[in-house]
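Shown next, in structure tokens, is the structure this report addresses.
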Amino acid sequence: MDQPPIIVTETDYERIDALLEKTGDSVPGIPELRAELARAHVVASDEISADVVTMNSTIAFENVDSGKRFELALVYPKDMDGSPGKVSILAPVGSALLGLAVDQMIQWQVPGGDTLKLRVLEVRDQPEARRR
């Protein structure tokens with residue numbers, strides 16, 4: 001399955017790129033996240049559609065194979081405080097969701113060889129949309 005096109009804000013791109021530089025390749029999934037950034041269409045924050053997953057967005061999505069639905073906020077590792085409802089950009093699910101729009105689906109290989117098939121159902125809260 002071809003991966004869907006993704007859109008990332010300039011701010012998110014720069015912050016994630018800096019995070020990856022500090023992290024190095026010691027964390028599983030970093031090469032895949034780098035590849036996602038490399039293929040992303042980068043736009044100004046005020047140009048991104050409200051239905052696209054950006055950093056600090058709260059999204060509803062489903063695991064297509066299991067039918068299970070989730071609602072999580074996509075955050076930077078520094079914002080992972082142990083509270084439920086958050087996923088780090090460095091986690092496989094976080095990396096997979098970044099830049100997807102509502103109704104887009106992606107297949108993402110996770111450590112151990114399994115593949116997740118995720119579909120974005122709704123972007124419930126997006127920081128860029130709140131600023132408009």
Side-chain angles (χ1 to χ4, degrees):
M1 174 178 181
D2 288 334
Q3 299 296 46
I6 61 171
I7 304 169
V8 176
T9 68
E10 291 171 343
T11 302
D12 287 349
Y13 182 93
E14 290 166 4
R15 288 179 180 165
I16 295 168
D17 189 52
L19 173 66
L20 293 176
E21 287 302 313
K22 284 194 286 188
T23 305
D25 287 337
S26 60
V27 176
I30 294 297
E32 291 82 0
L33 181 52
R34 285 186 199 280
E36 284 295 275
L37 283 183
R39 73 182 192 86
H41 177 69
V42 180
V43 300
S45 293
D46 62 351
E47 293 177 6
I48 197 147
S49 173
D51 71 344
V52 174
V53 178
T54 64
M55 292 304 301
N56 300 305
S57 291
T58 299
I59 53 247
F61 65 97
E62 71 176 336
N63 178 321
V64 175
D65 291 329
S66 71
K68 286 184 77 173
R69 293 180 178 220
F70 304 88
E71 182 174 327
L72 296 172
L74 180 60
V75 300
Y76 293 99
K78 68 179 181 59
D79 298 318
M80 292 296 295
D81 56 10
S83 60
K86 294 181 180 179
V87 64
S88 170
I89 185 62
L90 297 182
V93 169
S95 296
L97 292 170
L98 178 69
L100 292 179
V102 171
D103 291 329
Q104 280 187 308
M105 186 173 65
I106 191 167
Q107 287 191 82
W108 194 261
Q109 189 161 356
V110 296
D114 289 338
T115 300
L116 293 174
K117 196 180 301 181
L118 306 174
R119 179 188 322 275
V120 176
L121 302 171
E122 182 181 358
V123 177
R124 296 204 170 138
D125 183 41
Q126 182 206 67
E128 294 77 9
R130 269 188 267 132
R131 292 187 194 116
R132 293 185 193 133

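Values in this document were obtained by computation on a predicted structure and should not be read as measured data.
Between Glu128 and Thr9, some side-chain heavy-atom pair lies under the 4.5 Å cut-off. With contacts defined as side-chain heavy-atom distances shorter than 4.5 Å, the pair Ile89/Leu33 qualifies. Looking only at side-chain heavy atoms (C-beta outward), Asn56 and Tyr76 come within less than 4.5 Å of each other. Looking at Leu118 and Trp108, their side chains never come closer than 4.5 Å, going by heavy atoms from C-beta outward.
Residue Leu97 is not grouped with residue Val75 when hydrophobic side chains (ILVMFWY) are merged at heavy-atom distances under 4.5 angstrom, including chains of intermediate members. Placement of Val93 and Leu19 within a single hydrophobic cluster is found when ILVMFWY residues are connected by side-chain heavy-atom separations under 4.5 Å, directly or transitively. No continuous path of ILVMFWY side-chain contacts below 4.5 Å connects Leu121 to Phe70, so the two sit in separate hydrophobic clusters.
With Gln3 contributing its side chain and Ile106 its backbone, the two residues share no donor-acceptor pair below 3.5 Å. Proximity of a side-chain donor or acceptor of Glu14 to a complementary backbone N or O of Thr11 within less than 3.5 Å is not detected. In this structure a side-chain-to-backbone donor-acceptor pair under 3.5 Å is present from Gln126 to Ser49. Judged by distance alone, with hydrogens and angles left aside, the side-chain atoms of Asp12 form a donor-acceptor pair with the main-chain N or O of Met55 at under 3.5 Å. Ser57 places no side-chain N or O within 3.5 Å of a backbone atom of Ile59 that could act as its donor or acceptor partner. Of the possible polar contacts, none joining the Thr115 side chain to the Gln107 backbone as a donor-acceptor pair under 3.5 Å is found. In terms of modelled atom types and a separation under 3.5 Å, the side chain of Glu36 and the main chain of Ile6 share no donor-acceptor contact.
With salt bridges taken as basic N to acidic carboxylate O contacts below 4.0 Å, one links Glu21 and Arg34. In this structure, Lys86 pairs ionically with Asp81, as a charged nitrogen and a carboxylate oxygen lie closer than 4.0 Å. Between Arg119 and Asp103 there is no salt bridge, since no side-chain N of the basic residue sits under 4.0 Å from a carboxylate O of the acidic one.
Closest approach of Ala40 and Val8 over heavy atoms only: CB-CG2, 3.6 Å. The shortest non-hydrogen separation linking Pro77 to Leu90 is CG-CD1, 3.5 Å. Between Val102 and Glu122, the closest heavy-atom pair is CG2-CA, 3.9 Å. The two residues Leu74 and Gly94 make their nearest non-hydrogen contact at CD1-CA, 3.5 Å.
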>> Does Gln104 form a side chain to side chain contact (heavy atoms under 4.5 Å, CB included) with Val120? I'd like the steps, not just the answer.
In response: CA-CA 6 Å; Gln104 280 187 308; Val120 176; 5.6 Å; no
